[in-house]
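Beneath this line is the structure, given in structure tokens, with notes to follow.
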Amino acid sequence: MTISVRKLVKVTMKISLVGLVIIIILSGCGGGGSGSATSGTALNSSPAASSGNSNTSTSPTNSNSSISSLSVPARYNWIAGNNVLATGAITTNAPSMATLTNGNLVAIFSQQEITGTHVYTTLGNYISGNWSTPIALQGSSGTIQGINDSTGWNQPTTSTVVAGNSVNGNALAAWTTQISNSLGYQVWISSYNASSQVWSNAVQVGTAVQAGLRATSSAAGGVAIAWVQASTMQSGLQALGIYQVSSSGTVSNTTLELGVSSTTGLKMGLDNADMMFVAWAGSNQNVYLARSGTPSWTTPVTLGMGTPADNADIDLSVVADGSGAVVWSGLDVSVHTAIFDSSGTVQSNQTIVEGTTANTRPTVASLGSGKYIVAFSASSIPGPSSSVLYYTPYSTEFNPSSGWTSPIMIGSGEGGFSTVKSDQFGDALVVLNGYNREGYFLAPGSSSSWTGGIISYNASVPAFAMDASTGHAAVLWANGNSLQSYFFR
């Protein structure tokens, strides 16, 4: 089935994107530093009341940071959070965030200092907007890698990631380092114990062929870190190394053979039974889905063909029972979708078409009861040359009984890559990077009525976290020698 809405799209954006667009879709569907080997480091677990955070102002100090003219449902609002106190930083790199317990979240980032690059972590709180004083994670060796991509079109694969346990408040942080005259990147893991409020010394768990890492977690408390490594089965091919801590606390280190010489996009997720799901596209233009099993991985299923240029062109949503959805940019101008059940069987394989020239950069989240929402960028008007297009963001929803709805335009914002997350109420929140910085809201049950305003700052690609139990969310981004934040509550 192909959904085709043939009409001209408002000219809004060139591919040379900078900044952040934050869009809330309320669907209303209901239901060079070297670490030293020291003892573990304690971290205050209550940032809302932390006396260690000297940054007590109610909004970021950057004059470029502002939010205005937002018309939002009474239940939600964007509030400026405190800066993360990045003492001694010359430059901060792209952060990663994850939700913990009791309204708390954790962030990890690297920063360049006079003495080299170091990894730091801080705890935040969705309600207060406060952050604890960052502390350095210890134990790794080699030059720490940092990625700070300021474009809104490509999705960087950060080299510092964190996965949070929303059941007990524990967390798993990871980063990569490089040692002179050695091949690849060393992958380091440090774990946070919420009871003792201590981060462990880092241990090396693998060697990656690229600096970027992935992290994921489940509502049941499972967490995992992954990296692309060389295959041990066939020379010249790649595999995925995975370090996983199950919801019961069992630690495992497994490998998934990817069967391609290079990956152009990869996403992963966990269900509540600790089954790992991986969707990826490779150099052969096939899009695959594989699930972990007992005792080995299932044979990868070929979902279709596509040309994901990077991680922004493919996405995966995994539901607690092991069902889910994969979306990706196809070989044609369509967004391709595959809905699979808890056995891994694909139940629906359809395309979404809005723009006549291109439909790309899809992101997907579950709305419960087998429903999903996808946000993507579409273009019907070519730019002044064959290499330039203009894009507008759209959204569409999937219902098992009727398929995908006709796409609706997300305000008058500019397209780019986006990330969509959902809460237990069936509401969805999209963070979209575009040329301008604008926010748009869709009230519950509305099909076309958007309201919004301006969020304007000089910023890199942000980290994005959401507490599914409350609908609260946060964005955190590197801005020169500081980190800035906004909270949605």
Side-chain angles (χ1 to χ4, degrees), residues 37-47 96-108 119 121-124 132 135 137-140 160-175 186-206 213-227 229 240-256 267-278 290-298 316 318-322 324 342 424 465-469:
T38 62
S39 59
T41 311
L43 176 63
N44 192 316
S45 62
S46 303
S96 175
M97 290 194 300
T99 298
L100 301 177
T101 55
N102 302 319
N104 292 327
L105 67 161
V106 60
I108 180 177
V119 176
T121 184
T122 175
L123 292 180
S132 65
I135 63 167
L137 297 181
Q138 308 289 341
S140 63
T160 52
V161 298
V162 64
N165 186 321
S166 59
V167 176
N168 60 21
N170 293 342
L172 197 63
W175 62 94
Q186 288 71 45
V187 180
W188 300 87
I189 295 286
S190 177
S191 59
Y192 175 68
N193 186 296
S195 298
S196 61
Q197 301 178 21
V198 171
W199 285 92
S200 68
N201 283 332
V203 295
Q204 185 181 350
V205 295
L213 301 172
R214 279 84 171 173
T216 191
S217 60
S218 72
V223 294
I225 304 292
W227 58 94
Q229 64 184 32
L240 192 70
I242 302 170
Y243 183 92
Q244 183 175 349
V245 181
S246 71
S247 54
S248 62
T250 302
V251 176
S252 61
N253 201 326
T254 59
T255 300
L256 168 64
K267 295 294 175 68
M268 64 181 194
L270 277 172
D271 69 10
N272 280 8
D274 298 310
M275 180 174 287
M276 175 73 69
F277 295 75
V278 180
R291 305 184 303 152
S292 62
T294 304
S296 62
W297 285 83
T298 59
L316 166 68
V318 177
V319 184
D321 66 356
S342 57
Q424 65 170 340
M466 186 178 194
D467 185 344
S469 66

If you take all heavy atoms of Met268 and Ala226, which pair is closest and at what distance? SD-CB, 3.5 Å
With Val318, which residues qualify under side chain to side chain contact (heavy atoms under 4.5 Å, CB included), at least two apart? Asp271, Phe277, Leu316
Tell me the closest heavy-atom pair linking Ser190 and Ser200, and the distance in Å. OG-O, 2.7 Å
Would you compute the distance between atom CG of Asn253 and atom CD1 of Ile242 and round it to the nearest 0.5 angstrom? 9.0 Å
Please give me the minimum heavy-atom distance between Ser140 and Ala202, naming the atom from each residue. N-CB, 4.0 Å
State the OG-CG distance between Ser247 and Asn165, to the nearest 0.5 angstrom. 8.5 Å
With Val106, the side-chain contact (heavy atoms from CB on, under 4.5 Å) member among Asn170, Thr122, Leu172, Val162: Val162
Any side-chain heavy-atom pair of Tyr192 and Leu123 under 4.5 Å: yes
With Ser96 via side chain to side chain donor-acceptor pair (under 3.5 Å) - residues at least two apart: none
Got a list of side-chain donor-acceptor pairs under 3.5 Å for residues 214-225, not counting sequence neighbours?
from, atom 1, to, atom 2, distance (Å)
Arg214, NH2, Asn311, OD1, 3.2
Ser218, OG, Ala220, N, 3.3
Ser218, OG, Gly221, N, 3.4
Ser218, OG, Gly222, N, 3.1

To the nearest 0.5 Å, what is the distance between OG1 (Thr121) and CH2 (Trp199)? 4.5 Å
side-chain contact (heavy atoms from CB on, under 4.5 Å) test vs Asp467 passes for just one of Asn104, Thr101, Asn102, Thr99, namely Thr99
Check whether any side-chain N or O of Gln138 sits under 3.5 Å from a backbone N or O of Asn201 as a donor-acceptor pair, and report yes or no. no
Check whether any side-chain heavy atom of Leu105 sits under 4.5 Å from a side-chain heavy atom of Leu100, and report yes or no. no
Got a second to check how far Asn193's CG is from Asn168's CG, nearest 0.5 Å? 8.0 Å
Student check: side-chain heavy atoms of Leu240 and Val278 closer than 4.5 Å: yes
Using 0.5 Å steps for rounding, measure from the CG atom of Asp321 to the CG atom of Asn272. 8.5 Å
Any heavy-atom pair between the side chains of Val203 and Tyr243 that's under 4.5 Å? no
Less than 4.5 Å apart, any side-chain heavy atom of Gln244 and any of Leu270? yes
Heavy atoms of Ala107 and Met97 approach each other most closely as CB-CG, 3.8 Å
From Ser252 atom OG to Met276 atom CE, the distance as rounded to the nearest 0.5 Å: 8.0 Å
Modelled atom types, side-chain donor and acceptor of Trp188 and Gln186, under 3.5 Å: no
